[in-house]
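Just so it is clear, the values below take in all heavy atoms, side chains as well, and ignore hydrogens, waters and symmetry mates. None of these values were measured; they are calculated from a predicted model.
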Amino acid sequence: MTEMNENPLDILPEIFLVAGAVLGLLLGSWLPRHRQWITGALAATACTAGIIAAAVTSPGPAASTFGDAYALDPLTNAGRIIILGGGLIVLALSLRPLHADPREAEFYVLIQLALLGAMVLAGAQDLLLLAAGYLLASIPAYTLAGFRKDGPGTEAALKYYVVGALLGVVMLAGITVLYATGRATSYLALDGALDDTPQGLLAVGTLGLLAGLLFKAGAVPAHYWIPDAVQGSAPPAAALIATLPKIGALAALFRLGAVPLDAEPLPWAALIAVLAAASMTLGNLAAFFQSDVKRLLAYSTISQVGYLLMAVAVAAATGRAQSALLYYLAAYTVTNLGAFAVVCALPGAARIDDYRGLARRRPLLTASLVVCLLGLLGTPPTAVFVGKLEVFTATIDGGYTWLAVLAAVNTVASLFYYLRWIMPALAHSSRPTPPPRESRTARAVAYTCAALSLAIGVTAGPALDLLSGPMSR
């Protein structure tokens with residue numbers, strides 16, 4: 001009988017989130033409305049404790065736990081830290097808008113459950129656990145999208161749910177087919193077992209599995225829900241939906257490409273490369289003439305996923321892919337959430353023209369917006385610049401030079417729509433513009449994210465060294 005190596009300390013960050021969610025739900029039932037913020041503080045404490053636990057265990061050797069279903073390696077630990085750090089930012093953005101809301105505690109609980117699902121996706125190395133992580137990352141996010149119960153929120157939640165449920169069923173069907181062909185669900189058991197299986201069944205199973213993960217990542221062709229879901233959601237929920245689930249999905253795709261699907265007869269790497277090219281190109285083209293700032297950031301997110309998929313395409317071809325992906329994920333998370341923090345800071349400014357003359361009223365907030373938008377473009381010395389450089393280098397090392405060239409062209413093209421937002425903010429407004437409603441907490445978060453984007457970019461060398469350890473196999 002095989003020992004199951006079930007040590008709860010191995011999943012301490014996940015346990016902190018579960019405990020925070022359960023205690024938050026109980027506290028929310030008893031606390032008066034004006035003290036519901038305590039559940040938000042509890043959620044922030046759970047995230048902070050999880051980051052500390054992941055950081056303490058990260059220097060250890062790569063291993064697995066719970067019957068080899070959950071990996072303990074740099075990919076998992078870095079994913080944990082990035083997801084929980086992003087969760088702290090989303091919680092900070094939520095405190096002011098949700099203060100004294102009748103369902104404030106539930107909002108914080110849903111955030112923790114969505115973070116937990118993303119973390120399970122990042123560490124899963126069993127198809128059944130991957131499916132559980134998909135559901136756990138999806139269902140709370142559907143609720144968060146429609147949390148405001150208004151027309152746009154209801155539409156956002158409905159579109160998000162319908163697409164997610166459909167592709168979730170397709171994903172489960174793909175997992176069933178892979179189990180039938182490989183006679184196992186564990187990645188370690190499937191590694192090599194799929195080589196001699198019928199290629200037709202293998203293709204059907206792989207494409208089904210890929211459909212669900214592409215939905216969570218927001219990549220083409222499963223990307224159509226993102227603009228409507230982000231636009232219709234409350235800004236803090238939109239920030240979470242557009243950023244954090246993608247971390248877990250991309251880590252899951254990377255692990256699949258590096259372990260069970262690296263040697264299969266299907267052209268996995270070429271397929272991911274084509275999807276990366278389509279995502280970055282279509283995302284950029286759709287963002288060109290957007291005037292709603294949340295839709296612009298939504299299409300920008302799709303293009304960013306295209307760049308991140310480049311590292312997934314060469315997961316098995318070069319040792320630089322893992323550190324490039326993880327660093328880019330950290331840089332993207334901080335920078336993208338910083339841009340959403342500016343949107344949260346000005347809840348009355350929904351369109352690009354509403355930001356005209358912002359530099360005169362709020363110079364520091366405008367500077368943060370410029371840093372985050374140019375950071376998403378990949379301008380030095382921001383963190384995304386180093387991330388793109390590392391991903392481009394890994395892609396060339398992996399033999400996909402054409403993809404790196406296309407990504408460089410798309411990066412230059414994306415300057416157009418980022419400048420469409422930056423220029424009005426820096427321009428002098430000829431008409432008197434009343435100061436919009438503002439959130440001081442969101443302004444502080446925007447300042448912090450912009451500073452972190454610069455700081456992570458400057459300290460890239462040590463960070464990349466920490467992210468380059470071996471994966472669990």
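The CD atom of Gln125 lies 11.5 Å from the CG atom of Leu130; values are rounded to the nearest 0.5 Å. Rounding to the nearest 0.5 Å gives a distance of 10.5 Å between CG of Leu136 and CE of Met119. One distance of note links CG of Leu464 with CD of Glu390; it measures 4.5 Å at 0.5 Å rounding. Here Phe254 contributes atom CZ and Leu75 contributes atom CG; the two are 6.5 Å apart, rounded to the nearest 0.5 Å. The distance from the CD1 atom of Ile83 to the CD1 atom of Ile247 is 5.5 Å, given to the nearest 0.5 Å. For the atom pair CD1 of Ile352 and CZ of Arg420, the computed distance is 4.5 Å after rounding to the nearest 0.5 Å.
Between Ile111 and Phe107, the closest side-chain pair of non-hydrogen atoms falls below 4.5 Å. Looking only at side-chain heavy atoms (C-beta outward), Cys449 and Thr335 stay at 4.5 Å or farther from each other. In this structure the side chain of Lys246 reaches within 4.5 angstrom of the side chain of Ile226, judged on heavy atoms. Residues Val220 and Val305 have side chains not in contact (no heavy-atom distance under 4.5 Å, counting atoms from C-beta outward). In this structure, Leu113 and Ile139 have side chains that are not in contact, with every pair of non-hydrogen atoms separated by 4.5 Å or more. Within the 4.5 Å cutoff, no side-chain heavy atoms of Phe340 are placed close to those of Pro235. Side-chain contact between Gln304 and Thr301: absent, with no pair of heavy atoms (C-beta onward) separated by less than 4.5 Å. Using a 4.5 Å heavy-atom threshold, the side chains of Val18 and Leu116 count as touching.
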- Begin from the C-alpha positions of Leu91 and Cys47 and carry the test side chain to side chain contact (heavy atoms under 4.5 Å, CB included) through to its verdict. CA-CA 10 Å; Leu91 287 169; Cys47 289; 4.1 Å; yes
- Step-by-step side chain to side chain contact (heavy atoms under 4.5 Å, CB included) determination, Leu406 to Thr281: CA-CA 9 Å; Leu406 180 63; Thr281 304; 4.1 Å; yes
- Query: Should Val90 and Leu337 be marked as a side chain to side chain contact (heavy atoms under 4.5 Å, CB included) after you check the CA-CA gap, both sets of side-chain angles, and the distance that decides it?
  - Reply: CA-CA 8 Å; Val90 173; Leu337 289 177; 4.1 Å; yes
- Message: Leu250 vs Leu309, test: side chain to side chain contact (heavy atoms under 4.5 Å, CB included). Steps then yes/no.
- Response: CA-CA 7 Å; Leu250 287 162; Leu309 282 174; 3.7 Å; yes
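A side-chain donor from one of Asn284 and Tyr417 sits under 3.5 Å from a side-chain acceptor of the other. Checked by atom type, the side-chain pair Thr185/Asp126 shows a donor-acceptor distance below 3.5 Å.
Arg320 contributes no side-chain N or O that, together with a main-chain N or O of Thr395, makes up a donor-acceptor pair within less than 3.5 Å. Looking only at distances, no side-chain donor or acceptor of Arg80 sits under 3.5 Å from a matching main-chain atom of Ala55. Distance alone, capped at 3.5 Å, is enough to place a donor-acceptor pair between the Thr57 side chain and the Ala54 backbone. Under a 3.5 Å cut-off, the side chain of Arg148 and the backbone N or O of Gly232 do form a donor-acceptor pair. One N or O on the side chain of Thr382 and one on the backbone of Thr379 form a donor-acceptor pair closer than 3.5 Å. In this structure a side-chain-to-backbone donor-acceptor pair under 3.5 Å is present from Ser279 to Leu275. For the pair Asn336 (side chain) and Tyr332 (backbone), a donor-acceptor distance under 3.5 Å is absent. Using modelled atom types, no side-chain atom of Ser64 and backbone atom of Tyr70 make a donor-acceptor pair closer than 3.5 Å. No side-chain donor-acceptor contact under 3.5 Å links Ser300 to the backbone of Leu296. Counting only distance, with no hydrogens or angles, the side chain of Gln322 and the backbone of Leu467 share a donor-acceptor pair below 3.5 Å.
Across all non-hydrogen atoms, the minimal contact from Ala124 to Tyr187 is O-CE2, 3.4 Å. Between Ala69 and Leu129 the shortest heavy-atom distance is O-CD2, 3.3 Å. Here the closest heavy-atom approach between residue Ala237 and residue Leu144 is recorded as CB-O, 3.5 Å. Residues Ser233 and Ile241 come closest through the heavy atom pair OG-CD1, 3.7 Å. Shown here for Leu297 and Leu373, the closest heavy-atom pair between the two residues is CD2-CD2, 4.4 Å. Taking each heavy atom of Ala137 and Ala141 in turn, the nearest pair found is O-CB, 3.6 Å.
Seen from the ring of Phe147, Arg103 counts as a face-on cation partner, given the 6.0 Å and 45° thresholds.
Relative orientation of the Phe215 and Tyr134 rings is tilted, given thresholds of 30° and 60° on the angle between their planes. Under the 30°/60° scheme for interplanar angles, the aromatic rings of Phe416 and Phe289 are found to stand perpendicular. Aromatic ring pairs are classed by plane angle as parallel below 30°, tilted from 30° to 60° and perpendicular above 60°; the pair Tyr307 and Tyr328 is parallel.
Salt bridge absent: Lys294 and Asp228 never bring a charged side-chain N and a carboxylate O closer than 4.0 Å.
Heavy-atom contacts from other residues, nucleotides or ligands closer than 6.0 Å to CZ of Phe288 number more than 12.
Of the residues Val405, Leu403, Thr411, Thr401, the one that meets the side chain to side chain contact (heavy atoms under 4.5 Å, CB included) test with Phe392 is Thr411.
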